[in-house]
Colleague: 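I have a structure here, written as structure tokens, and I will follow up with some questions on it.
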2 protein chains.
Amino acid sequence: MKAGTDIAQIGSLVGDPARANMLAALMGGTALTASELALEAGVTSPTASTHLAKLVDGGLVRVKRQGRHRYYALADESVAGMLETIMGVAATLGPKRVLPGPGDKALREARLCYDHLAGEAGVAMLESFVDRGFVRLDRETAALSPAGSRFFADFGIDIEAMSHKRRPVCRICLDWSVRRWHLAGGLGAAILEHMMRAGWVRREKDSRILRFTPAGRREFDLFLHQ
Amino acid sequence: MKAGTDIAQIGSLVGDPARANMLAALMGGTALTASELALEAGVTSPTASTHLAKLVDGGLVRVKRQGRHRYYALADESVAGMLETIMGVAATLGPKRVLPGPGDKALREARLCYDHLAGEAGVAMLESFVDRGFVRLDRETAALSPAGSRFFADFGIDIEAMSHKRRPVCRICLDWSVRRWHLAGGLGAAILEHMMRAGWVRREKDSRILRFTPAGRREFDLFLHQ
DNA sequence: TTCATAGTTTGATATTAATCGAACTATTCT
DNA sequence: AGAATAGTTCGATTAATATCAAACTATGAA
């Protein structure tokens, strides 16, 4: 069967522990260098190099040279979405579930998914936008309403400029921890960027976990309920 | 990292060509015996047997004994959704795309996704339900409106009984061919069952392709636009 | 009971691919 | 230019696993 070979190719890329760890690290959204990824995966740089070459060749990862560094990142939002989905399946129906560690609660609460907010907080945020009519989840992925455009423009996000980019403004992504959606796309990324810059959340070192500062939590709640 | 090992486990299950072909075959929704799957994957029965054991052990596939046969099926709708997502990534960003064969157009048009309708037809159907207010895509996956309940009850689907089952009535699933959603869940399955029984579509032999009969196409269009 | 079919288990083989040290290229810093 | 750092390529080794033939178990049919 043709369909089989296609998914096998991707599966085998994801199926190696070293590569899987690299991909998981890249879910954090920031581009990482080859050596950082080697460390993350627990392998030497030569091995990391071959793995990265395979990931790039397979289209899951893209690389950008910058001086003597090479920054690796997930190729695409859709790759991030796929990895989230796989994590979701692993979380629900793994036979011998990895026992939920202390970090798991925080991960479920708020985390990075590529470059936007995921977890309870991300799901709550999208829900609030939908409730207030800013985002409509009808047909084709998701759409920003006129009211939403105004709201986010007031908030300081340049929707106009964003809508001229190739990347879609609104996209949604299935959350593995909760089985709901959160907001991705250009808008999702811009909002998270704002949250980081305003100091609402801080990224935990070497992890995808996002921690709200006390003041940030209040601001965020206001942002959702005003 | 913990997250990595989880996804690696699933990845490696999907990553073997023989297993991937089996999974692809099981996307057709009908449970298949070990020998049928061996044939599908192009391996002997002992090999198939070990592969199937791994898939079951990994939680991706479940098995039901029936006399001297063992019927294998995907464990869960979420597994089917994951496979669709992987296919989607393979389709969009594969470096050397497998050239689209003659079957691909038909696949994109209408196909089985586990036990419900996918492809252009599936996407159009969900879109129509949303437009007419039968299904609301707000928060948590998707919800059936009162009007929708009446509509489907008139259509001959016992929503009342369905809502008491464990399986959610409405769920949506990302379509790999079109990048939109189609309807899954108990309702999605029931509608397809109706379509099959009423002879609107016929399943192509040994494939996921669904072909509309001329009359069936008319009925279906009516169903969407009445 | 006997035969046939469905499927698994065992054991041996072969292939694949992950791994690392060492050598090599390229870029930056002094 | 020379030294240091980032990263890749090469070659050899090792570990994992897919594969099948043959033997075995279980169910159904004659």
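In the text below, chain A, chain B and the rest are named by the order of the sequence lines, each starting its count at 1.
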Colleague: Round to the nearest Å and state the distance from A:Arg70 atom CZ to C:dT25 atom C1'.
Modeller: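 Spelled out: CZ on A:Arg70 to C1' on C:dT25 is 10 Å.
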
Colleague: May I ask you to evaluate whether B:Arg65 reaches the phosphate of D:dT27, defined as a side-chain N or O under 4.0 Å from OP1 or OP2?
Modeller: yes

Colleague: When every nucleotide of nucleotides 10-25 of chain D is labelled 5' to 3' by its protein contacts under 4.0 Å (heavy atoms), B for base, S for sugar-phosphate only, - for none, what sequence of letters results?
Modeller: --------SSBBB---

Colleague: Who pairs with B:Thr213 by side chain to side chain donor-acceptor pair (under 3.5 Å), at least two apart in sequence or on another chain?
Modeller: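 Testing B:Thr213 for side chain to side chain donor-acceptor pair (under 3.5 Å), a comparison that skips the adjacent residues, returns none.
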
Colleague: Applying side chain to side chain contact (heavy atoms under 4.5 Å, CB included), name anything that partners A:Thr33, two or more places apart in sequence or on another chain.
Modeller: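 Side chain to side chain contact (heavy atoms under 4.5 Å, CB included) check on A:Thr33 returns A:Ser35, A:Glu36, A:His69, A:Tyr71.
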
Colleague: Heavy atoms only, 4.0 Å cut-off, all strands: where does A:Tyr71 land among base, sugar-phosphate and nothing?
Modeller: nothing

Colleague: Compute the bend angle of the helix from C:dT1-D:dA30 to C:dT30-D:dA1 from the end axes (five pairs per end), rounded to 10°.
Modeller: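 The end-segment axes of the helix from C:dT1-D:dA30 to C:dT30-D:dA1 are tilted 20° relative to each other.
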
Colleague: Would you kindly give the NZ-to-P distance between B:Lys64 and D:dT27, to the nearest whole Å?
Modeller: 17 Å

Colleague: Listed by chain and number, what are the side chain to side chain donor-acceptor pair (under 3.5 Å) partners of B:His51, not counting sequence neighbours?
Modeller: B:Arg19

Colleague: Just to verify, what does B:Glu204 make a side chain to side chain donor-acceptor pair (under 3.5 Å) with, not counting sequence neighbours?
Modeller: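 Partners of B:Glu204 by the side chain to side chain donor-acceptor pair (under 3.5 Å) criterion, ordered by chain and then number, come out as B:Arg211.
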
Colleague: Donor-acceptor pair, A:His116 side chain versus A:Cys113 backbone, under 3.5 Å?
Modeller: yes

Colleague: With sequence neighbours excluded, tell me which residues meet side chain to side chain contact (heavy atoms under 4.5 Å, CB included) with B:Ala198.
Modeller: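 Listed in chain order: B:His194, B:Trp200.
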
Colleague: Listing time: all N or O pairs from protein to nucleotides 3-5 of chain D that are below 3.5 Å?
Modeller:
{"from": "D:dT5", "atom 1": "O4'", "to": "A:Arg68", "atom 2": "NH1", "distance (Å)": "3.4"}
{"from": "D:dT5", "atom 1": "O2", "to": "A:Arg68", "atom 2": "NH1", "distance (Å)": "3.2"}

Colleague: Rounded to whole Å, please give me the gap between CG in A:Leu52 and P in D:dT9.
Modeller: 11 Å

Colleague: What residues form a salt bridge (charged side-chain N to carboxylate O under 4.0 Å, His left out) with A:Glu77, not counting sequence neighbours?
Modeller: A:Arg167

Colleague: Considering only residues two or more places apart or on different chains, which pairs with a residue in residues 186-203 of chain B satisfy salt bridge (charged side-chain N to carboxylate O under 4.0 Å, His left out)?
Modeller: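 Salt bridge (charged side-chain N to carboxylate O under 4.0 Å, His left out) check on residues 186-203 of chain B returns B:Glu193-B:Arg197.
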
Colleague: Do A:Ile7 and B:Glu84 have side chains that approach each other closer than 4.5 Å (heavy atoms only, starting at C-beta)?
Modeller: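 No, every pair of side-chain atoms sits at 4.5 Å or beyond.
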
Colleague: Can you tell me which nucleotide in C:dA6, D:dT8, C:dT8 comes closest to the side chain of B:Ser45?
Modeller: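 Per side-chain heavy atoms of B:Ser45, the pick is C:dT8.
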
Colleague: Apply side chain to side chain contact (heavy atoms under 4.5 Å, CB included) to B:Ala110 and list each qualifying residue two or more places apart in sequence or on a separate chain.
Modeller: B:Leu117, B:Ala121, B:Leu210, B:Phe212

Colleague: Listed by chain and number, what are the side chain to side chain donor-acceptor pair (under 3.5 Å) partners of A:Asp16, not counting sequence neighbours?
Modeller: none

